[in-house]
> 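The structure's right below; bear with me while I get my questions together.
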Amino acid sequence: MYYDPNVHVPAIRCSICTGEQVAGFKDLSDGRFEEVMLIRSSADLEEFRERYGITGDIEKIY
């Protein structure tokens, strides 16, 4: 996926029931979430940040 900060915001969708976390991007125009990768550890989260050049806080969606 191509990440455009003018169109997308990075987010992590978290399951309240299972605790599963999926990193991806939320479309600013319609709020649709597109999954990119499963987050199982802090190393996975760091890989997501590095791959897409993300700095700062990442929104969590429950």
Side-chain angles (χ1 to χ4, degrees):
M1 172 176 184
Y2 173 74
Y3 165 56
D4 180 353
N6 296 315
V7 179
H8 302 100
V9 62
I12 297 176
R13 187 173 62 197
C14 306
S15 169
I16 294 171
C17 298
T18 65
E20 181 180 83
Q21 296 185 29
V22 178
F25 297 97
K26 187 168 79 169
D27 191 298
L28 292 172
S29 65
D30 62 10
R32 185 176 50 95
F33 181 78
E34 184 171 343
E35 296 181 1
V36 174
M37 66 183 289
L38 182 62
I39 302 297
R40 295 183 194 152
S41 67
S42 58
D44 290 340
L45 181 57
E46 188 58 34
E47 179 185 339
F48 174 69
R49 286 179 175 279
E50 288 178 12
R51 183 181 297 174
Y52 294 100
I54 299 167
T55 58
D57 294 334
I58 299 177
E59 175 185 6
K60 288 196 174 186
I61 303 169
Y62 293 94

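As the structure is a prediction and not an experimental result, all values here were calculated from the model.
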> Side chain to side chain contact (heavy atoms under 4.5 Å, CB included), that's the test. Do Asp27 and His8 meet it? Break it down for me.
CA-CA 5 Å; Asp27 191 298; His8 302 100; 4.2 Å; yes
> Search all heavy atoms of Pro10 against all heavy atoms of Tyr3 and return the closest pair with its distance.
CD-OH, 3.5 Å
> To the nearest 0.5 Å, tell me how far Asp4 CG sits from Tyr52 OH.
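If I round to the nearest 0.5 Å, the distance is 13.5 Å.
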> Mind listing the closest non-hydrogen atom pair of Cys14 and Lys60 along with its distance?
SG-CD, 3.8 Å
> Counting only heavy atoms not in Asp57, do more than 12 fall under 6.0 Å of its CG?
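For Asp57, atom CG is not crowded (no more than 12 foreign heavy atoms under 6.0 Å).
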> Can you see which heavy atom on Gly24 is nearest to which on Val36, and at what distance?
CA-CG2, 3.7 Å
> Measure centre to centre between the rings of Phe25 and Phe48, then say whether the value is under 6.0 Å.
yes
> Atom CD in Glu50, atom CG in Leu45: separation rounded to 0.5 Å?
10.0 Å
> Give, for atom CE of Met37 and atom CD of Glu47, the distance between the pair rounded to the nearest 0.5 Å.
4.0 Å
> State, yes or no, whether a side-chain contact exists between Leu38 and Gln21 at a heavy-atom distance under 4.5 Å.
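Contact flag for Leu38/Gln21 side chains = no.
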> Consider side-chain contact (heavy atoms from CB on, under 4.5 Å). Of Ile54, Leu28, Ile58, which one does Val9 pass it with?
Leu28
> Is a side-chain N or O of Arg13 found less than 3.5 angstrom from the main chain of Glu20, in a donor-acceptor match?
no
